[in-house]
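In what follows, a single structure is set out as structure tokens and then discussed.
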Amino acid sequence: MTNTDGSRYENCLYRVEQLQKGEKKAAEASAMNMMQLMSAAGKAVFKQLQRRFPAPARIAVCCGEGNNGGDGYIVARLAQEAGYQVQVFALKPNAELSDPLESDAHRARSAWREQGGNEKALLDCAPDQFDLVVDALFGVGLNRALEGDPVTWVQHVNASSTPVISVDVPSGLNADNGHVPGAAVRAHLTVSLVALKRGLLTGKAQNHTGELVLEDLGIGETFKQQNEADWFRVDAGGLGNWLPARARCTHKGEQGHVLIVGGQPGMSGAVILAMKSALRAGAGKVSVACHPDVQAIVAATQPEAMVHSIKDEDTLKPLLREASAIALGPGLGQSRWSHDVFSQVMKADALKVIDADGLNLLASYPARSSKLLLTPHPGEAARLLQTTADEVEADRFLAVTQLREKYGAQVLLKGAGSLLVTDRGRCLIDRGSPAMASGGMGDLLTGLISGLLAQRMAPAQALIAGALWHAMAGEEAGKDGERGTLASDLLPYIRRLVNGYGRDDD
């Protein structure tokens with residue numbers, strides 16, 4: 001399995017099970033016992049705390065009963081020694097430790113008490129009375145919704161303006177898949193320990209992790225050698241020279257021909273955006289096959305494109321034969337015309353990027369092909385899998401894998417922390433901006449990917465690069481304000497990115 005930049009440890013993403021089984025082995029291979037590893041974890045979190053909050057800040061450290069709580073007690077002790085005003089709040093305050101050596105967490109708690117510290121009840125924590133809250137309540141092992149006092153505590157913490165640092169994972173978040181089954185801490189900073197957990201970077205998780213920092217505790221490279229990551233985070237530097245400079249004597253015929261199929265009455269804007277994006281991506285020629293009633297509207301928006309009125313099978317067939325890559329779905333609709341056009345396009349042998357109503361029709365007429373590139377959002381993915389959007393969001397990693405298996409396609413599951421399963425392996429893109437929450441962004445992405453395919457970029461590369469550059473373009477456009485950003489605002493940045501400008505801005 002190949003990844004886009006596997007040499008960088010911070011781009012390797014791991015399952016919780018791998019951490020639970022592998023960190024002890026990696027620690028032992030690095031001449032560390034588990035107590036030393038816990039001590040290193042506490043020091044790493046405290047180091048991040050010190051960078052942001054100088055002493056004598058008031059700190060509330062909220063500790064659970066497991067190893068995550070043990071990390072918290074070490075943070076509390078170090079902070080107190082450094083002159084911070086520290087108060088610990090615990091799930092079981094001042095519990096009797098009959099045998100402090102029973103666990104590493106007990107050792108850490110005992111050391112806190114030997115320094116004169118004590119614990120108050122978790123619900124006694126009033127976040128507004130502190131400069132910082134340290135969330136060390138639950139670690140990566142939590143895979144269910146919070147219950148009881150922790151729920152009330154989370155509500156109080158989230159309602160406060162006091163910043164929160166979460167140890168390893170925000171309490172209440174499933175670190176394996178990013179699902180938030182109930183109440184969960186909204187951290188300002190999450191310090192991920194040993195390795196990045198894949199669930200911290202996708203779906204609703206991004207509402208809870210805040211800034212994400214990796215501290216490998218000195219065992220990261222050993223852990224990487226002993227545990228194979230099966231998901232990888234993509235960064236701009238990892239794409240290499242996937243779209244090289246053009247030869248000086250090239251011509252439009254060598255830069256590929258994109259055919260965009262869609263645009264029924266009332267939905268012409270979608271096909272126009274896809275058309276413009278394919279052109280800005282660098283395709284040599286772009287044709288549009290649309291409903292007769294919108295042909296004049298579409299043609300008037302872009303003189304460089306060839307816009308065709310599709311009345312029947314005979315008018316579509318020659319366009320399909322000429323296409324290097326086909327984009328199917330923007331503004332397609334689900335009318336009788338839409339069904340007929342969809343059926344004809346699916347018979348074509350060219351690579352096809354399918355989005356929007358193309359995906360909805362594919363759900364009704366399933367087909368399996370290695371020449372398909374599917375780009376669903378969670379709702380479309382749900383229809384393709386005959387489930388619900390909530391089920392898709394509950395485990396995005398499972399959903400995108402199931403789509404790959406069912407349709408034999410290369411798949412991009414869109415959303416915060418987009419997931420891709422391709423011939424190059426499985427990867428995650430955690431770029432983009434809230435500014436992209438507006439209509440037409442998916443149509444723009446479809447055109448971009450199709451334009452890259454037409455220029456002979458390998459399908460997996462086109463899907464990955466298209467998704468990443470689309471997200472980066474959204475970030476740039478969003479700098480003028482997250483509200484009011486339009487899909488068309490991304491076009492100048494797409495042009496820059498496909499020409500190599502700004503790709504190193506990680």
Side-chain angles (χ1 to χ4, degrees), residues 10-20 45 48 68 133-146 150-151 154-155 157-158 163-215 229-235 376-379 381-382 388-401 412-421 426-434 436-437 467-468 471 474-475:
E10 61 267 32
N11 287 338
C12 297
L13 307 178
Y14 294 92
R15 291 174 284 109
V16 165
E17 181 183 19
Q18 291 177 289
L19 270 296
Q20 291 173 325
V45 175
Q48 295 294 335
N68 198 251
V133 173
V134 176
D135 163 30
L137 210 61
F138 295 103
V140 297
L142 185 74
N143 56 13
R144 55 175 174 78
L146 296 179
V151 173
V154 168
Q155 292 169 343
V157 169
N158 288 348
V164 180
I165 293 179
S166 285
V167 178
D168 213 14
V169 56
S171 292
L173 170 66
N174 187 313
D176 212 28
N177 55 33
H179 184 44
V180 183
V185 169
R186 290 180 180 267
H188 294 72
L189 169 69
T190 298
V191 184
S192 184
L193 304 173
V194 180
L196 280 180
K197 294 81 185 169
R198 63 183 195 174
L200 298 178
L201 293 161
T202 192
K204 299 298 184 185
Q206 293 197 14
N207 287 336
H208 295 268
T209 55
E211 180 187 355
L212 184 60
V213 174
L214 172 62
E215 290 281 358
D230 53 5
W231 285 87
F232 300 90
R233 182 166 63 169
V234 179
D235 63 42
H377 59 54
T388 66
D390 286 343
E391 286 294 317
V392 170
E393 287 291 75
D395 194 336
R396 290 167 55 81
F397 295 94
L398 176 62
V400 71
T401 302
L412 161 63
L413 178 57
K414 296 183 291 194
S418 293
L419 302 180
L420 301 96
V421 181
R426 294 179 281 193
C427 58
L428 181 152
I429 295 174
D430 60 328
R431 300 290 296 262
S433 166
M436 301 173 75
L468 178 61
E475 291 172 352

With a 3.5 Å distance limit and no angle check, can you tell me whether [X] reaches the backbone of [Y] through a side-chain donor-acceptor pair?
X: Gln18; Y: Arg15; answer: yes
X: Asn174; Y: Gly199; answer: no
X: Ser171; Y: Val185; answer: no
X: Arg396; Y: His179; answer: no
X: Ser418; Y: Gly415; answer: yes
X: Ser192; Y: Ala195; answer: yes
X: Asn207; Y: Arg186; answer: no

Glu393/Lys204 ion pair, N-O < 4.0 Å:
no
Partners passing side chain to side chain contact (heavy atoms under 4.5 Å, CB included) against Asp395 (at least two apart in sequence or in another chain)
Asn177, Phe397, Leu398
Kindly give the heavy-atom pair with the smallest separation between [X] and [Y], and that separation in Å.
X: Leu428; Y: Arg198; value: CD1-O, 4.2 Å
X: Ala381; Y: Pro376; value: N-CB, 3.6 Å
X: Glu10; Y: Arg233; value: O-NH2, 3.1 Å
X: Ala229; Y: Leu13; value: CB-O, 3.6 Å
X: Leu420; Y: Ala467; value: CD2-CB, 4.4 Å

Quick one: CZ on Arg426 to OG1 on Thr401, what's the gap to the nearest 0.5 Å?
5.5 Å
Is [Y] close to [X] at the side-chain level, that is, under 4.5 Å between some pair of heavy atoms?
X: Asn68; Y: Leu142; value: no
X: Glu211; Y: His188; value: no
X: Val421; Y: Leu419; value: no
X: Leu173; Y: Thr209; value: yes

Testing Leu200, Val140, Thr190, Val194 for side-chain contact (heavy atoms from CB on, under 4.5 Å) with Asp168, which one passes?
Val140
